[in-house]
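Input: a single structure, listed below in C-alpha cells.
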Amino acid sequence: MTKIYPQGDVLVHALRGVDLALFPGELVVMLGASGSGKSTLLNILGGLDTATSGQVRYQGTDLTGASDRALTRYRRDYVGFVFQFYNLIPSLTARENVMAVTEIAREPMAPEAALDLVGLAARMDHFPAQLSGGEQQRVAIARAISKRPNVLLCDEPTGALDSATGILVLEALARANRETGTTTVIITHNASIAQMADRVITLSDGLISGERRNPVRQDPVTLSW
Ligand code: ADP
Ligand code: MG
C-alpha cells in the first residue's frame with residue numbers, strides 16, 4: 001500500500017509500499033522517526049484517510065475505494081482513536097465524557113466499567129480541569145474503548161506527558177487490550193512499552209524497516225492505581 005501527498009509541485013511519498021496484517025487481539029507498537037509515515041499509516045488503518053494505491057482490507061471489505069459514508073460507518077462501528085491531545089469536553093465530567101460515546105454506541109460498556117478499567121473509578125465525577133494530564137488521557141482511553149471497538153488506534157498518546165505519567169497511560173492501554181481483546185496499535189517514542197507489546201514494528205522513510213515479535217509478552221507488573 002502506498003500514500004502519496006501532492007504538495008505544490010512535488011509529491012510526498014509518505015508510504016512507499018507497506019504490507020501489514022493486524023491479528024485479532026494483538027498489541028502492536030509502532031516506532032519510527034518523525035516523518036517516517038506512522039501517522040499516515042494509522043490514519044489509513046482507521047479510515048481517516050485512504051491509500052493512493054494498494055488495498056486496505058478490514059474483514060474482507062476494501063477501504064481504499066470506499067465512499068466517505070462507508071468510511072464514516074467503519075470508523076463509527078469498529079474503530080477507537082486516542083490522540084496526543086485528549087479532546088475532552090471541559091464542561092462534562094469524566095463519566096459524562098465517556099457517556100457522550102456510550103449513549104450513541106451499539107453495544108457499549110457501562111461508562112463506569114470503562115473508567116474502572118483505566119484506573120479512574122474514584123475520579124468519575126471530576127471535570128477535566130480537576131484531572132492531571134495522564135488522568136485526562138486515561139479518560140480519553142476509557143471513552144475510546146467504551147464502544148468496544150474492534151481496533152484501537154493510538155497516535156502518540158503519551159506525546160504530551162512526562163515519561164513516568166506516560167508509562168501509566170501505556171499500562172492502561174495494555175490492560176484495556178488484555179481485558180477487552182481489542183486489537184491495539186500504539187505509536188510511541190516511549191521504548192518502555194516495547195516489552196508490553198506482542199509485536200514491535202519500525203517504520204523508516206515510508207517503509208517497514210523492522211519487525212520484532214515478543215515470544216512472551218510481559219504484561220505490566222506495576223499497576224500503580
Ligand atoms: P510521522 O507520523 O511518522 O511523523 P507522517 O505520517 O505524519 O509521519 O508524515 C509522513 C510524511 O508525509 C512526512 O514527510 C509528512 O510531511 C508528509 N505528510 C503527512 N501528511 C501530509 C499532508 N496532509 N500533506 C502533505 N504531506 C503530508
Ligand atoms: Mg505522527
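We count ligands from 1, going down the list as the structure has it; atoms in each ligand are counted the same way. None of the values given here were measured: they were computed from a predicted structure. When reading the values below, keep in mind they use all heavy atoms of this one structure, side chains included, and skip hydrogens, waters and symmetry mates.
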Would you please say whether a donor-acceptor pair under 3.5 Å links the side chains of Arg212 and Asn214? yes

Can you find a side-chain donor-acceptor pair between Asp49 and Tyr5 that sits under 3.5 Å? yes

When you compare the side chains of Thr180 and Thr182, does any donor N or O come within less than 3.5 Å of an acceptor on the partner? yes

Run the salt bridge (charged side-chain N to carboxylate O under 4.0 Å, His left out) test on Glu171 and Arg175 for me, step by step, so that the C-alpha distance in whole Å, both residues' side-chain angles and the decisive distance to 0.1 Å come before the verdict. CA-CA 6 Å; Glu171 286 182 351; Arg175 182 175 176 188; over 6 Å; no

Contact residues of ligand 1, where a non-hydrogen atom lies under 4.0 Å away: Tyr5, Gln7, Val12, Ala14, Ala33, Ser34, Gly35, Ser36, Gly37, Lys38, Ser39, Thr40

Any side-chain heavy-atom pair of Met30 and Leu41 under 4.5 Å: yes

On a heavy-atom basis, which atom in Ala144 and which in Phe81 lie closest, and how many Å separate them? CB-O, 3.6 Å

With the Mg ion (ligand 2) as the centre, enumerate protein N/O/S atoms below 2.8 Å in chain and residue order. Ser39 OG

Check: Phe127 main-chain N/O paired with Thr93 side-chain donor or acceptor under 3.5 Å: no

With Leu42, which of Ile186, Asp155, Leu48 fulfils side chain to side chain contact (heavy atoms under 4.5 Å, CB included)? Asp155

Answer with yes or no whether the side chains of Asn43 and Thr40 bring together a donor and an acceptor at under 3.5 Å. no

